[in-house]
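Accompanying notes for the structure given below.
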Amino acid sequence: MTLPTALWTDIALGSLACIILLSESLLGPRLRKAIVFHGAWIGLVLIGILTVCTAPESEQAIGNYLIRPWTIPFRLCFCIAGALSVLLSRNLLSGTGHTHRRGLLVSGGVHIFLIICSTLGMFVVTGAQDLITFLVGIELATIPLYVQAAMLRDDFSSEASAKYLIIGSLSTAFTVFGISYLYGAGNSVHFDTLAQTLTADKHFAWVGVIFVLAGIGFKLSAAPFHMWAPDIYDGAPPPVTAYIASSSKAAGLAGLILLVYGPFQQLGADLENIFMFLAIISMTIGNLGALRQKRFNRFMAWSSVAQIGFVLMALTGGDLAIPSIAFYLLVYIIGNFIAFFVVNCLASNRPETFSNMRGLSKQSPLLALCLLISMFSLAGIPPLGGFFGKFELFLAAAQPGHEHFYLILFAAINAVVSLYYYMIVVKDIYITEPTHADNSTCPAIAILPSQRLTLVVLVIAIIVLGVWPAAHSWIFTLAGS
Amino acid sequence: MPFLLNCTWILPTLIALSLMFVPKQKVGVIRGMSVAGVLGILALVVSLIIAFLAGDYASPVGSAETTLAFSYRTPWFEAIGNQFYTGVDGFSLLMMLMASIIALCGVLVSWTITDRCKEFFILLFILLAGTFGCFISFDLLTFFLFNEITLIPTYLLIAIFGSGKKEFAAMKLNLMLFGGSALIILGMAGTYSATGSFDMIAIANNQSETLGSIAMWAFPALFMGFGILGSVFPFHTWSPVGHASAPTAISMFLAGVHMKLGGYGCLRAAIYLMPEGAQEWMPLFMVLATISVVYGAFIAIRQRDLKYINAYASISHVGLVTFGFATLTAVGLKGGVLQMISHGFVTAVVFALIGCIYGRTHTRNIDEMGGLMKKIPFLSVCFVLAGFAVVGMPGTSSFVAELTIFIAGFSGSLDDTLRLVCGALCISSIVITAVYVLRTVNSVVHGPLVDNGHEFTDARFIEKVPLIILLTCIFAMGLFPGWIIELAEQSLTPVVTNLGR
Amino acid sequence: MEATLTTDILFYLFSAAILGCGLMAVTVKNLLHSAIALMGCLFGTAGLFLLLDHEFVALMQILVYIGGVVIFIIYAVLLTTHLGTRYLPASTLKYISGVTLAAIVLGLVLHIDPQATHTAVNPDRTATTIDAIGYRLLDGSTNGFLIPFEVISVLLLSAMIGAATIAKHQKPGATNDEDETGGSAS
Amino acid sequence: MNLTACLSLSAILFSFGIFGLMTRRKIIAMLLAIELMLNAALINCVAFAYYAPAGADTDVGSILPIFIVAITSAEMAVALAVIVAMYRKRKVIDIERLEDLHD
């Protein structure tokens, strides 16, 4: 049996997890620190490059594990998010830059090991060809995150973890219940069989679809399944928050696309209505929530609920949906990580509230500019990557045969609302003068050289993605084949 | 030549980028680079116009085979049918000429800015890049993209460098303009759904029924989306606060050029692309335009703040542009285009003058000033001349433009009652305009000198230059409008032919 | 098993046990009691599985679910609450919303009617043997479940390591170097 | 005893789970309610496998529960650890009292 080349990435990821775990438990403290941290992020970057290099022209299968070309951009997203998340944990691993109120991680090595395990789970989701692999992949992507959320030594962390755990288990219960119905309706768990047997006239299928969608909705924290997302974002360690906000959502979306264009493909028009409903609620609730936030992480949580609404809008559309979502996620992940990197630098000596960001442009022009670019990219302002990302989501909902123009108008107005709160952030960092109380206690901001470099690279990446179409057409080529 | 054309947006971008690396203490270097930059843009535009007039392009272009001058086309985000497609016709060139002259004057007017001077010029040049990009784009998505690029610098320029309720004004302006963008996105999604392309020329020549039926609702979305930028009633409310709070140069540029992007978009992206929709919806927009014209003029009477007076006057005069377009006749469209150019110069010179006067009196309230003729004769004379231009005295550019628009209101069939009534109302607005202009000029320039303790001197050289340039342009266009009218007429031929299909 | 009166009676008995214990598990005030009720519910389910010819699942239910998971819960209850502690009842609003949501879900699920093909037992059916399960689990072809079987081992490993890491007594202010990963503790 | 009866049983059990999740306040009690929901899914799997028409993949009725139980035990192990860690720090496992994180 020869292995398909595209499978190397999955194997490499598994091996990386083993290496990290072994070096964490076997090596001495000094060597361990270097190998675990640098090995992990370099390894993930290399695996990302390997993913791009081994991108298959057509589907490659080994048994019932299928590597589809369109999942390659998603896999790249997972690798990028994983590597950035490791880099972001830098000052939680070592003693440099004790963070405000938070302290250090319980165990840095296990934290990094779990990031890689979670990434592996996401890879498995994208390769799934039956519901069982799908379920196991989703769980492997999620369960390590419960642990990671509890990794800090403060009270907030375990609270966030507990809430995440409850929501996550609930989502598992829904998914599993839905899967049992899908099995009942389709008499199989294999996607190919299900694609033929799940027809719109089967009531079982509908119960299954609704419960599975609800389960994935929890993972995506799409409204109305968003309940504790802000608490989780606020309490979990910053790298984990960033990871949940980016990669975890990307995995959920990859899973969703897999199901919608695989086993659910005969359920078409009614699914569109469901997604339209979810999109409208998510955008509205996310925006309304984000408007009244004072703490940055909570703000990011609500805004991500709104962003998911935009993505779900694309799923009401036709063929353009997959590549546009993939491109959007790539841009969204980078934009999110810039914001979290900046806030992580800030949070090293103050609580991450908006009032503490005032006057940032004077204290650290670099951080201010990065945050500005990140916010504008998330809002979808050209020439940043976010513009094309968001614009294509709109176009996807307007394809012939799927013309949801009212939805587009509604979403466009919501995009303006979201622009408002992103601009409030920009106003705080550039225009509002800090009051004495805001700044008197805060020492200068310390940025680690590695984080400064990462920020610059990310900012350049987001601008390049917005003006240079290479990555864009690569994604479209992969999704088209 | 296509490269030179693209340089009109590449050059400002490069200047903005290189300004980032200049240390902020070196104000002289920053100013020098900025002036060199705008002069460079002006030189580019002038050489383009000369080449355009010299080439075959100046001859009327056919409707079906529209050829653009200096066109350049390369696939960009081609997976969604987007191209980087630039080119110009006479209309764009005229707008670019106006924009570059106003940009030059704007930079000269901003000579006195010292606080955060570097950021000011960086943002100004990004704004310029977006504006010129808009004028040369013939791909709908690229056009929209450049249009969006202009909005964010506007926000920051007003919110950081403005006065009064600057943060509120900037936020309101931006949210309303992005609201317009939301409508534009809707319209673009509609056209994309029907044609699968963003190429303006291709869409304009597309006569499919799908596009025709989508145009019924995509046209008002696009027209209103750009109309918000052109401050069409009832979405004009961003413009008075925005213009009043912005720093002088930005007021000039916003009212003079940026608002014109709205009119430009209405013509280029709405009327040209979807003539069927235009025929259907134009009565509504004609009414709205008339309301803008009359309402803006009436409100201007009640204002005491010079900037607010001019801002409302702008709403009134830009309303005339929309009215001209709404007649959907060759004369009306031509008049609209002329009014866009004319009003750009007029409003820019008025805002520049208000800036100069405010720098001396430290108030913009007309009740608190008077008799300035005795103290600052040069500025006062300019103010009077600018007043003539606002009213539309013969010899100024406004006269040429407004006359054309009024003719359009009454030419053709006399059965169209709506057009006749609206035309009559628009003409009556001249009277109202005369009321507020004469009153303002009277109370500022003449009368007893109100002494509020400030000693002031007449304009310095650096202030005189932009005023003289702008006034010269106004009178030159008023006295020798021939070639401008010809260019506008020729470039509007495809639009008119399209309307007749 | 053949559908006879006996199986019917047994089914309703088990159902009564499952639902009764299930209801107790979510309503009883004392947490330990509800854990025990859950155990009863799971035993009832195991009985149901025997009735439906799935001995292997029944066995797993008892060994892993009851023997492992429920014991976990009871441990957690004993570790974190004092025996007999009663906690405050939830607010009326919560009860109302709980009942409403449960009713909505129940209505949604019961709304369905099984297709005709599902009402009777397929006469040719054979009970799944443990051999068959083992072969399917270790089958690498498109028909098998080798990949999820491999992946779930990673899942269990990471969950155990993670659980051991966070549950370990944490000295306040300790740095990473003083901690061990706890990997061996799993 | 038929498929409808089995499915109704599992549906009722599932709705008990939801009810418990909504009304309970201790984290352990909420997890316990979630166990009921998972158990309902197990009943479904087995019932569908038992009443499957000809040609259906009946093995899945046994294999899916294996994975579900494995996933549940992993989840519960993590849950226990989190609860213990939290209890050690805060002496609180009542979800209503987890109020440090709020708007």
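Numbered from 1 within each chain, the chains take letters A, B, ... in sequence-line order.
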Exercise. Look at the rings of D:Phe67 and C:Phe149 and say which category their plane angle falls in: under 30° parallel, 30 to 60° tilted, over 60° perpendicular.
Key: perpendicular

Quiz item: Which one, C:Gly162, C:Ala37, C:Pro148, C:Ser97, leads in non-hydrogen pairs under 4.5 Å with chain D?
Solution: C:Pro148

Quiz item: What heavy-atom pair brings D:Leu13 and C:Gly22 nearest, and what distance separates the two atoms?
Solution: CD1-CA, 4.4 Å

Self-check item: Contacting moiety of D:Cys6, where chain C heavy atoms sit under 4.5 Å
Solution: both

Quiz item: If you count heavy-atom pairs under 4.5 Å between each of D:Ile66, D:Ile12, D:Thr72, D:Val69 and chain C, which one has the most?
Solution: D:Ile66

Practice problem: Check step by step if side-chain contact (heavy atoms from CB on, under 4.5 Å) holds for C:Leu51 and D:Tyr50. | Solution: CA-CA 10 Å; C:Leu51 209 56; D:Tyr50 185 70; over 6 Å; no

Exercise. List the atom of C:Val57, the atom of D:Pro65, and the distance in Å for their closest heavy-atom pair.
Key: CG1-CB, 3.8 Å

Practice problem: Please report the shortest heavy-atom distance between C:Ile152 and D:Ala70, naming the atom on each side. | Solution: CD1-CB, 3.6 Å

Quiz prompt | Heavy-atom closest pair, residues C:Ala132 and D:Asp59 | solution = CB-OD2, 4.2 Å

Quiz item: What are the two closest non-hydrogen atoms of C:Lys94 and D:Met22, and how far apart are they?
Solution: CD-O, 3.4 Å

Quiz item: Under a 4.5 Å heavy-atom cut-off, does chain D meet the side chain of C:Phe56, its backbone, both or neither?
Solution: side chain

Quiz item: How many angstroms lie between CD1 in D:Ile28 and OH in C:Tyr75, if you round to the nearest 0.5 Å?
Solution: 14.0 Å

Quiz item: So how far is it from C:Leu52 CG to D:Tyr51 OH, rounded to the nearest 0.5 Å?
Solution: 6.0 Å

Exercise. Among the options D:Ala79, D:Ser62, D:Ala54, D:Ser73, pick out the one with the most heavy-atom pairs lying under 4.5 Å from chain C.
Key: D:Ser62

Quiz item: About how many Å separate CD of D:Glu75 and CG of C:Leu155, when rounded to the nearest 0.5 Å?
Solution: 8.5 Å

Quiz item: If you count heavy-atom pairs under 4.5 Å with chain D, which of C:Thr129, C:Leu23, C:Val64, C:Ile18 comes out on top?
Solution: C:Leu23

Self-check item: Heavy-atom contact with chain D under 4.5 Å, split by part of C:Leu19
Solution: both

Quiz item: Roughly how far apart are C:Tyr65 OH and D:Leu38 CG, rounded to 0.5 Å?
Solution: 4.5 Å

Practice problem: Select one option (side chain, backbone, both, neither) describing which atoms of D:Val82 are under 4.5 Å from chain C's heavy atoms. | Solution: both

Quiz prompt | Greatest number of heavy atom pairs closer than 4.5 Å to chain D - which of C:Cys41, C:Ala102, C:Ala159 | solution = C:Ala102

Quiz item: In terms of heavy-atom proximity below 4.5 Å to chain C, should D:Ala5 be classed as side chain, backbone, both, or neither?
Solution: both

Self-check item: Most chain D-contacting option - heavy-atom pairs closer than 4.5 Å, from C:Ser158, C:Gly68, C:Ser34
Solution: C:Ser34

Quiz prompt | side-chain contact (heavy atoms from CB on, under 4.5 Å) assessment of C:Val70 paired with D:Glu35 | solution = CA-CA 9 Å; C:Val70 180; D:Glu35 291 309 315; over 6 Å; no

Quiz item: Is there a side-chain contact (heavy atoms from CB on, under 4.5 Å) between C:His54 and D:Cys45 once you walk through the steps?
Solution: CA-CA 10 Å; C:His54 279 71; D:Cys45 293; over 6 Å; no

Exercise. For chain C, find which of D:Leu80, D:Leu32, D:Ile18 contributes the most heavy-atom pairs closer than 4.5 angstrom.
Key: D:Leu32

Quiz prompt | Part of C:Ala35 lying under 4.5 Å from any heavy atom of chain D | solution = both

Quiz item: Would a 4.5 Å heavy-atom cut-off, applied to side chains only, mark D:Ile63 and C:Ile133 as touching?
Solution: yes

Self-check item: side-chain contact (heavy atoms from CB on, under 4.5 Å) assessment of D:Leu42 paired with C:Phe49
Solution: CA-CA 9 Å; D:Leu42 290 188; C:Phe49 291 161; 3.8 Å; yes

Exercise. Please name the residue in the list C:Leu106, C:Val99, C:Ile104 that meets the side-chain contact (heavy atoms from CB on, under 4.5 Å) test with D:Ser15.
Key: C:Leu106

Practice problem: Check whether C:Thr100 gets within reach of chain D through its side chain, its backbone, both or neither, counting any heavy atom under 4.5 Å. | Solution: neither

Quiz prompt | C:Thr45 OG1 to D:Ile43 CD1 distance, which is reported to the nearest 0.5 Å | solution = 4.5 Å

Quiz item: For the residue pair C:Ala163 and D:Ala77, what are the closest heavy atoms and their distance?
Solution: CB-O, 3.7 Å

Practice problem: Tell me, for D:Ile71 versus chain C, whether the close heavy atoms (under 4.5 Å) come from the side chain, the backbone, both or neither. | Solution: both

Quiz item: Tell me, do C:Leu48 and D:Val46 make a side-chain contact under 4.5 Å, heavy atoms counted?
Solution: no

Practice problem: Look up atom OG1 in D:Thr23 and atom CG in C:Leu101, then write down how far apart they are to the nearest 0.5 Å. | Solution: 11.0 Å

